[in-house]
Amino acid sequence: MTTPIRPKRRKRWLLFSGAVLLVAALVAIALYDGTTEFLIGQSDQRSTAGAPSQSGAGDASSEPYAFSFFDQPRAVPGLRFIDGDGRAHSLADFRGKPLLLNIWATWCAPCRKEMPSLDRLQAKLGASRLLVLPLSIDRQGLPVIRKFYAELGLASLGMYLDQSGKAAGELNTVGIPTTLLINRDGREIGRKVGPAEWDSPEIVALLREHLGLSANGEKASR
């Protein structure tokens with residue numbers, strides 16, 4: 001016959017179990033950092049990492065430049081969004097040129113940190129060779145993006161907005177910023193979660209290699 005658990009013993013057991021769960025939750029929260037870089041865990045991906053280096057403007061990020069690349073390019077959802085003038089676009093409109101699609105928001109601190117380097121990257125490479133497409137998921141619309149661009153002095157990047165915020169879910173992002181590398185056929189070849197110094201020599205070399213960009217016509221780094 002099974003011996004019933006006495007009330008006092010049951011209470012001690014419940015308190016012990018609750019304490020264990022609380023400690024586990026606190027450890028999980030401590031390990032999670034919104035700016036931590038997560039490699040996508042699919043079995044058919046391989047990772048490339050480069051060491052952080054000093055950029056021409058400000059301190060380099062202390063985080064590793066970790067990317068995940070697919071063995072085979074993947075289809076990208078047909079995202080719909082507007083540009084800074086309110087004109088409607090889909091991702092298919094940009095097929096034929098390599099894209100660096102960056103999902104971001106003005107309230108995202110790591111996004112704010114990396115946007116100037118994206119602006120410098122676009123100025124360095126030129127939109128005719130690689131289009132940097134920063135797609136905001138701000139719910140407040142274009143005015144907050146215009147204010148953000150003005151505050152940071154962003155002059156080379158275009159403005160793009162998905163006010164519905166659906167893009168992040170459709171692309172299966174695990175956080176922002178998330179950046180997709182898209183080839184000329186409109187297919188994703190790899191991605192990065194977290195911020196980076198996009199105009200650093202290591203990143204530019206990696207983009208050249210994986211997106212087939214030549215060095216001709218690049219502007220000298222400032």
Side-chain angles (χ1 to χ4, degrees), residues 29 32-38 40 52 55-67 76-91 93-94 98-127 130-182 188 190-200 203-204 207 222:
I29 292 171
Y32 178 79
D33 181 346
T35 63
T36 299
E37 316 216 50
F38 297 92
I40 307 304
S55 172
D59 294 333
S61 170
S62 60
E63 299 171 351
Y65 293 152
F67 287 76
V76 181
L79 306 180
R80 295 189 175 276
F81 46 89
I82 61 173
D83 63 20
D85 295 321
R87 294 173 298 199
H89 292 279
S90 73
L91 204 57
D93 295 340
F94 301 91
L99 298 179
L100 189 154
L101 174 62
N102 180 266
I103 308 301
W104 73 287
T106 58
W107 42 261
C108 163
C111 301
R112 187 180 186 90
K113 181 177 181 180
E114 78 169 355
M115 285 293 279
S117 69
L118 284 169
D119 192 63
R120 295 192 299 268
L121 175 69
Q122 186 65 97
K124 177 180 176 65
L125 297 182
L130 171 69
L131 178 62
V132 178
L133 200 161
L135 182 57
S136 168
I137 57 172
D138 279 276
R139 301 277 184 164
Q140 295 176 286
L142 288 170
V144 297
I145 302 175
R146 294 192 183 101
K147 180 181 178 182
F148 182 94
Y149 273 48
E151 288 176 353
L152 271 66
L154 306 179
S156 298
L157 293 175
M159 293 184 190
Y160 302 94
L161 171 66
D162 168 27
Q163 196 166 354
S164 72
K166 293 179 179 178
E170 292 177 0
L171 295 173
N172 296 317
T173 62
V174 296
I176 60 171
T178 290
T179 302
L180 280 67
L181 304 182
I182 299 175
E188 181 185 357
R191 67 174 59 190
K192 181 185 186 304
V193 181
E197 285 290 328
W198 288 100
D199 62 328
S200 71
I203 296 288
V204 173
L207 295 176
R222 296 193 293 273

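Computed from a prediction, not measured in an experiment: that's the story for all the values here.
Minimum heavy-atom separation, I176 to W104: CD1-C, 4.1 Å. The nearest pair of heavy atoms linking S90 to R80 is CB-NH1, 4.0 Å. The minimum heavy-atom distance linking V76 with E188 is given by the pair CG2-N, 3.5 Å. Shown here for A105 and S136, the closest heavy-atom pair between the two residues is CA-OG, 4.4 Å. Annotation for Q122 and V132: closest pair OE1-N, 2.7 Å, computed over non-hydrogen atoms. When all heavy atoms of D83 and D85 are compared, the pair lying nearest together is OD1-N, 2.9 Å.
Considering only residues two or more places apart in sequence or on other chains, E114 meets the side-chain hydrogen bond (donor to acceptor under 3.5 Å, both in side chains) condition with N102, W198. Under the side-chain hydrogen bond (donor to acceptor under 3.5 Å, both in side chains) criterion, T106 pairs with D138, not counting sequence neighbours. Not counting sequence neighbours, the partners of Q163 by the side chain to side chain contact (heavy atoms under 4.5 Å, CB included) test are L161. For D93, there are no salt bridge (Lys or Arg N to Asp or Glu O under 4.0 Å) partners at least two apart in sequence or on another chain.
The CD1 atom of I103 sits 7.0 Å away from the CG atom of L180 when rounded to the nearest 0.5 Å. L130 CG to I182 CD1: the interatomic distance, rounded to the nearest 0.5 Å, is 10.5 Å. Once rounded to the nearest 0.5 Å, the distance linking CG of L91 with CD of E170 reads 10.5 Å.
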>> Applying side chain to side chain contact (heavy atoms under 4.5 Å, CB included) to L118 and L100, what does each step give before you reach the verdict?
In response: CA-CA 9 Å; L118 284 169; L100 189 154; 3.8 Å; yes
>> What verdict does the side chain to side chain contact (heavy atoms under 4.5 Å, CB included) test give for L207 and L121, after you've listed the backbone C-alpha separation in whole Å, the side-chain angles of each residue and the deciding distance to 0.1 Å?
In response: CA-CA 11 Å; L207 295 176; L121 175 69; 3.9 Å; yes
> Given V193 and T173, is the side chain to side chain contact (heavy atoms under 4.5 Å, CB included) satisfied, shown in steps?
Replying inline: CA-CA 8 Å; V193 181; T173 62; over 6 Å; no
> What do the steps show when you test L101 against Y160 for side chain to side chain contact (heavy atoms under 4.5 Å, CB included), and what is the final call?
Replying inline: CA-CA 10 Å; L101 174 62; Y160 302 94; over 6 Å; no
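Checking side-chain atoms of R139 against main-chain N and O of S164 turns up a donor-acceptor pair under 3.5 Å. Formation of a donor-acceptor pair under 3.5 Å by the D199 side chain with backbone atoms of R120 is not found in this model.
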For a quick test of your reading: what N or O donor-acceptor pairs under 3.5 Å do the side chains of residues 141-158 make, sequence neighbours left out?
{"residue": "R146", "atom": "NH2", "partner": "G84", "partner atom": "O", "Å": "2.9"}
{"residue": "Y149", "atom": "OH", "partner": "G158", "partner atom": "O", "Å": "2.7"}
{"residue": "E151", "atom": "OE1", "partner": "R112", "partner atom": "NH2", "Å": "3.3"}

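Annotation: Q140, atom CD; neighbour count of heavy atoms from other residues, nucleotides and ligands within 6.0 Å does not exceed 12.
The side-chain heavy atoms of L171 and L79, taken from C-beta on, include a pair separated by under 4.5 Å.
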